[in-house]
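Side chains are part of it too, since the values below use all heavy atoms of this structure and drop only hydrogens, waters and symmetry mates.
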Amino acid sequence: MGFNLQKLEAALKAVRKDTYLPFSLHFFESVSSTNQTLWELVNQGAISGTAVIATVQSAGRGQWGREWISPVGGLYVSVAISFDQKIEATDSYQLTFATAWGIASQLRQHGINVGIKWPNDLVLNGRKLGGILTETKVNKGQITQAVIGVGINWTNPVPETGINLESWQALQDFRPISCLEMLTSTVLLGIESGMECLFQEGISILLSRYLDLLTNMGDRVYVNNLSGTVVGVTPQGNLRVDLETHDTKELITPEIYIQPGTISLGYHKSSV
């Protein structure tokens with residue numbers, strides 16, 4: 001069964017109340033990466049809201065230069081965003097947070113209890129359902145354009161720490177996402193609603209919504225042999241950790257900020 005672009009367009013039309021992003025959809029059977037293909041389209045003049053969807057990525061990219069394995073059965077989609085208002089290059093994680101919150105909240109509206117693992121993973125039952133890769137173009141310290149890539153496990157094989165949506169749905173009494181096109185529509189709506197929240201309601205509201213779905217709140221972490229507790233995230237994307245200051249004679253700040261990529265929080269089973 002191939003991907004049906006008309007079916008996706010119909011699904012989007014049926015549920016969209018507004019059109020904050022003017023989606024222009026492009027489908028490919030195989031690309032090296034949807035982000036890379038979309039950057040090529042952007043360089044040729046593609047506008048904000050242009051989306052690239054692929055069945056397979058031969059060189060999918062994850063965070064920090066990692067390879068994102070992209071077999072048949074997954075959803076691989078990237079969306080281009082241009083900015084009317086200024087957004088600082090140091091605030092690029094806000095785009096990732098907006099995307100993660102938007103997609104998770106859309107899936108939760110379908111009864112799928114998706115959470116967020118800092119900074120950019122979507123989790124279900126404590127296992128990785130999907131990931132987000134935000135890439136930006138910067139001019140004079142301001143982001144001018146961004147490409148947001150999303151990979152979601154649908155029917156594709158996953159590692160032990162992963163989960164695909166169809167295997168989860170098979171164990172439920174209901175099947176809220178009926179096909180890959182519906183999942184794609186849900187993800188695109190999530191990106192749109194996340195951007196709308198960030199740019200119309202602001203980072204403080206977006207961040208509070210992101211933290212509501214963050215599975216790491218209250219997690220115990222160890223930094224330089226000191227124990228701490230995750231208490232939040234800064235607008236720049238850093239993890240806020242309260243250190244336990246007893247048992248040490250050193251004078252240290254009770255709260256520290258940890259940059260993405262410097263520690264791994266791992267996966268753990270949630271109680272839901």
Side-chain angles (χ1 to χ4, degrees), residues 62-64 66 68 87 90-134 146 148-153 158 161-163 165 168 186-187 189-223 226-244 253-272:
Q63 285 283 79
W64 305 294
R66 294 176 187 147
W68 177 274
I87 180 164
T90 49
D91 290 338
S92 64
Y93 264 95
Q94 294 178 11
L95 304 173
T96 300
F97 292 167
T99 302
W101 168 76
I103 294 171
S105 62
Q106 287 290 328
L107 288 168
R108 289 171 82 93
Q109 285 175 34
H110 289 288
I112 305 165
N113 201 21
V114 173
I116 300 166
K117 175 178 166 287
W118 176 80
N120 66 316
D121 283 359
L122 299 167
V123 292
L124 183 59
N125 286 3
R127 290 151 76 187
K128 182 169 179 173
L129 177 68
I132 297 158
L133 177 65
T134 300
I148 295 169
V150 178
I152 304 275
N153 299 322
V158 294
T161 52
I163 188 170
L165 196 51
W168 179 86
T186 305
V187 167
L189 286 172
I191 296 171
E192 181 173 54
S193 63
M195 292 304 146
E196 206 164 2
C197 177
L198 174 60
F199 291 114
Q200 296 192 349
E201 299 182 73
I203 183 58
S204 59
I205 288 176
L206 171 68
L207 210 49
S208 72
R209 292 176 179 176
Y210 174 89
L211 292 176
D212 282 345
L213 302 185
L214 191 67
T215 59
N216 308 109
M217 292 293 277
D219 276 6
R220 176 67 55 91
V221 294
Y222 294 91
V223 186
L226 293 171
S227 173
T229 305
V230 174
V231 294
V233 174
T234 72
Q236 285 70 46
N238 297 332
L239 197 65
R240 293 174 51 217
V241 174
D242 271 357
L243 291 177
E244 293 168 8
T253 314
E255 182 172 294
I256 62 167
Y257 302 140
I258 300 172
Q259 292 184 332
T262 53
I263 66 167
S264 174
L265 296 178
Y267 282 91
H268 53 81
K269 286 279 183 187
S270 66
S271 56
V272 291

Nearest-0.5 Å distance, CZ of residue Phe199 to CD of residue Gln94: 8.0 Å
Ile256 and Leu226, any side-chain heavy atoms less than 4.5 Å apart: no
Nearest heavy atoms of Lys117 and Thr215, plus distance in Å: CA-OG1, 3.9 Å
Shortest non-hydrogen separation from Ile116 to Ala104 and the atoms involved: CG1-CB, 4.2 Å
Sequence neighbours excluded - salt bridge (charged side-chain N to carboxylate O under 4.0 Å, His left out) pairs with any residue from residues 94-106: none
Interatomic distance, Met195 atom CE to Gln200 atom CD [nearest 0.5 angstrom]: 12.5 Å
Leu129 and Ile152: CA distance, side-chain angles, deciding distance, side-chain contact (heavy atoms from CB on, under 4.5 Å) verdict: CA-CA 6 Å; Leu129 177 68; Ile152 304 275; 4.1 Å; yes
Gln106 side chain to Val187 backbone, donor-acceptor under 3.5 Å: no
Atom CD of Gln109: over 12 foreign heavy atoms under 6.0 Å: yes
Least distance between heavy atoms, Thr96 atom then Pro119 atom: CG2-O, 3.9 Å
Closest non-hydrogen atom pair between Arg127 and Ile163, with its separation: O-CG2, 3.8 Å
Pair Thr229-Arg220, side-chain contact (heavy atoms from CB on, under 4.5 Å): steps then yes or no: CA-CA 5 Å; Thr229 305; Arg220 176 67 55 91; 4.2 Å; yes
Leu165 vs Asn153, side-chain contact (heavy atoms from CB on, under 4.5 Å): CA-CA, chis, key distance, verdict: CA-CA 6 Å; Leu165 196 51; Asn153 299 322; over 6 Å; no
Intermediate values then yes/no, side-chain contact (heavy atoms from CB on, under 4.5 Å), Ile132 and Ile148: CA-CA 7 Å; Ile132 297 158; Ile148 295 169; 4.1 Å; yes
Side chain to side chain, Leu243 and Glu255, heavy atoms closer than 4.5 Å: no
Spacing of Phe97 atom CZ and Thr134 atom OG1 [to the nearest 0.5 Å]: 10.0 Å
Option from Ile203, Asp91, Thr99 for which side-chain contact (heavy atoms from CB on, under 4.5 Å) with Leu198 holds: Ile203
Euclidean distance, Leu207 CG relative to Asp212 CG, rounded to 0.5 Å: 10.0 Å
Any side-chain heavy-atom pair of Cys197 and Arg209 under 4.5 Å: yes
Least distance between heavy atoms, Trp118 atom then Leu214 atom: N-CD1, 3.6 Å
Distance in Å, Leu239 CG paired with Asn216 CG, rounded so as to fall on 0.5 Å steps: 7.0 Å
Rounded distance (nearest 0.5 Å) linking atom CD1 of Ile103 with atom OG of Ser193: 8.5 Å
Nearest heavy atoms of Asp121 and Gly131, plus distance in Å: OD1-CA, 4.0 Å
Side-chain heavy atoms of Val231 within contact of Arg240, under 4.5 Å: yes
Minimum side-chain heavy-atom gap Trp168-Ile112 below 4.5 Å: yes
